[in-house]
Amino acid sequence: MSKTSNPHEKWDSQLRKGTLELVVLASLNERQVYGLELLKSLQQLPTMQITEGTLYPLLDRLKREGLIAAEWFQEGDSRPRKYFQLTSAGTDKLALLADRWRQSVADLAYILDHPGPEPMFEE
Amino acid sequence: MNIRTELHNYLSSLNKYLARLHHDDAAEVIKEIESHILDAVEAREANGETVDMKHILAGFGSARDLASQYVDHVLQGAPPPKGFKAIQSITRGVTKGLWYSMAFFGYFMAGALALVGLAKLLFPNQVGLWSAAQGQSVVITFTDARFPMSQEVLGWWLVPLALLASGLVFILTRKVLKALRHGMP
């Protein structure tokens, strides 16, 4: 997926800022991945064009908050890689944020589905 | 410049900007970033692509910006001592000049107060705290000539009070300098 700018780049960027924590927690749900693997997975998605400079400090913060755990692991003769996974606190936080996200999507859908001139809610 | 040199230069620069973190924390960041970069290099080589280190490093941004993101959230987790919250807002961008000025002023005052206390012990008649000008002025003197139209206050109490004030100024100066140190580039 190319990183060429698009007319929605500013919107995408603002949306990413607000949802990045949820994105990373959800990406680590029931899987253990290393940094480059996580980054490449996210960059497959059109609105998830984050950079290394955004991802790694965020992973570090989530680790310090106890939401994710990190462990260096070496397979065979390969170089050791740092793998990330959710902690139980991270799983709880993911459930909470996912609920709020779904509620936000439902709320937004309701607003989009109820244009004027009628009031949004019946008196 | 070959890719190893570019990588080394970037990580050295990053290490410099992470100096405000604990050594182990900074070392972990460096190890993690280096591991990612080497993964990216290997992935490109495996795909038969040319390795462009500048392009890989561009994903991280400048070493200074990357380090500041780590430093910001790590230090936010370690708030300053009680009563020093106001200092937190001015710690960013503290210059060496301010730090040394603060150190000089604080330690000078602590030393001067300690000297006054000790001098009163050694030269009780020459050293004292005087109320002059009918109570309009208070002066500390070290002289044989009595301050005109004045009356000594505190007396021997000047010794413990000056030493206590010296200790308090010394401790306060150390704490302020420690808090300011976090804001130095």
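Just so it is clear: chains get the letters A, B, ... in the order the sequence lines come, proteins before strands, and each one is counted from 1.
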Are more than 12 heavy atoms, taken from residues, nucleotides or ligands other than A:W11, located less than 6.0 Å from that residue's CH2 atom? no
To the nearest 0.5 Å, what is the distance between CG (A:L62) and NE2 (B:H73)? 8.5 Å
Nearest non-hydrogen partners of B:A43 and A:L36, listed with the distance: CB-CD2, 4.5 Å
Hey, could you give me the CG/CG distance between A:L39 and B:D39, rounded to the nearest 0.5 Å? 11.0 Å
In terms of hydrophobic clustering (I, L, V, M, F, W, Y; side-chain heavy atoms under 4.5 Å; direct or indirect links), are B:L113 and B:M102 co-clustered? no
Considering only heavy atoms, which portion of A:R64 lies under 4.5 Å from any heavy atom of chain B: side chain, backbone, both, or neither? side chain
When hydrophobic residues are tied together by side-chain contacts of less than 4.5 Å, even through go-betweens, does B:L38 share a cluster with B:I30? yes
Same apolar cluster (I L V M F W Y, side chains within < 4.5 Å links), B:F170/B:L164: no
Here the gap from A:E52 atom CD to B:E32 atom CD, rounded to the nearest 0.5 Å, amounts to 12.0 Å
Are B:L161 and B:V116 in one and the same hydrophobic cluster, where Ile, Leu, Val, Met, Phe, Trp and Tyr link if side-chain heavy atoms are under 4.5 Å apart? yes
All heavy atoms of A:P80 vs all of B:S35, minimum pair found to be O-OG, 3.6 Å
Measuring from atom NE2 of B:H36 to atom OH of A:Y34, what distance do you get when rounded to the nearest 0.5 angstrom? 10.0 Å
Under a 4.5 Å cutoff for heavy-atom pairs, which residue among A:R81, A:K82, A:K40, A:R79 has the most contacts with chain B? A:R79
Other residues, nucleotides, ligands: >12 heavy atoms within 6.0 Å of A:Q74 CD: yes
What are the two closest non-hydrogen atoms of B:Y70 and A:P57, and how far apart are they? OH-N, 3.7 Å
Could you tell me the separation between the CD atom of B:Q69 and the CG atom of A:L58, rounded to the nearest 0.5 Å? 9.5 Å
Does A:Y110 OH have over 12 foreign heavy atoms under 6.0 Å away? yes
Quick one: what part of B:I33 sits under 4.5 Å from any heavy atom of chain A, side chain, backbone, both or neither? side chain
Exceeds 12 heavy-atom contacts within 6.0 angstrom, atom CH2 of B:W156: yes
